[in-house]
Amino acid sequence: MSNDDYLLGICGSPRSQGTEYAIKYAINYLKEKYDYTSEFWTVKNKDIKFCIHCDYCIKEKKGCIHKDDMQELYIKLEHAKVILIGTPVFQGTISGQIKVIMDRCRAIVAKNPKIFKNKIGIALAVGGDRNGGQEIAIRTILDFYQQNHMICVSGGAFGANLGACLWSNDEGKKGIESDKEGLRSIRKVLKRMIEFV
Ligand SMILES: Cc1cc2nc3c(=O)[nH]c(=O)nc-3n(C[C@H](O)[C@H](O)[C@H](O)COP(=O)(O)O)c2cc1C
């Protein structure tokens with residue numbers, strides 16, 4: 001297991017809009033306020049194949065049979081100390097892209113069952129509706145962290161209970177820029193996260 005001192009921000013939106021803006025806001029805030037380094041990675045324009053349940057990863061313990069853009073993400077996931085998964089809310093939960101990433105992580109866990117152990121996990125969700133499923137999406141991300149022996153960190157009570165919760169009002173980046181409460185929830189999560197690193 002490798003835990004280099006940086007945050008990996010994964011954007012689960014297929015476009016450069018609200019979710020990407022929110023994750024980049026987090027990355028910039030971490031740098032400016034805490035001088036903490038991050039890296040941004042997005043699913044946009046990436047080739048990410050479905051898990052086909054071939055069990056190659058379980059039998060061979062050499063990672064995934066697919067040689068697509070997950071290969072570069074696997075390396076980043078292995079090295080990051082903090083993982084931030086940010087998702088748009090699709091059908092009341094995480095985007096399909098984020099779900100596929102989670103499924104594909106089975107391959108690296110099969111190769112190294114401790115790959116995620118003791119990494120810090122934080123979650124961010126952007127919904128077009130004010131209450132469109134952000135907390136359900138966040139819970140799904142936290143469940144993934146928990147299942148893989150990570151340490152889940154939220155912003156705590158009074159504003160960011162489970163994670164960073166944002167409302168784009170279906171106006172993408174512009175909507176997030178004006179969601180002051182949502183941006184505050186990002187800052188609250190990062191404040192707590194820094195206590196853990
Ligand atoms: C397929 C699809 C399903 C969506 N489902 C929901 C939903 O259930 N709840 C919600 O609040 N917004 C929903 N939205 C709206 C997006 O969450 C919202 O526009 C968000 O800002 C998109 O993220 P982006 O700005 O990063 O592209 C949906 C959008 C799409 C494309």
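Indexing begins at 1, ligand by ligand and atom by atom, following the structure's order.
In this structure, R139 does not pair ionically with E135, as no charged nitrogen and carboxylate oxygen lie closer than 4.0 Å. Between D68 and K46 there is no salt bridge, since none of the side-chain N atoms of the basic residue sits less than 4.0 Å from a carboxylate O of the acidic one.
Between L7 and L30 the shortest heavy-atom distance is CD1-CD1, 3.7 Å.
Looking only at side-chain heavy atoms (C-beta outward), K174 and N169 stay at 4.5 Å or farther from each other.
Within a 6.0 Å sphere centred on OH of Y34, heavy atoms belonging to other residues, nucleotides or ligands number more than 12. Shown here is E72, whose CD atom has more than 12 heavy atoms of other residues, nucleotides or ligands within 6.0 Å.
A heavy-atom cutoff of 4.0 Å around ligand 1 is satisfied by the protein residues S13, R15, Q17, G18, T19, P88, V89, F90, Q91, G92, V126, G127, G128, D129, G132, S168, D170, G172.
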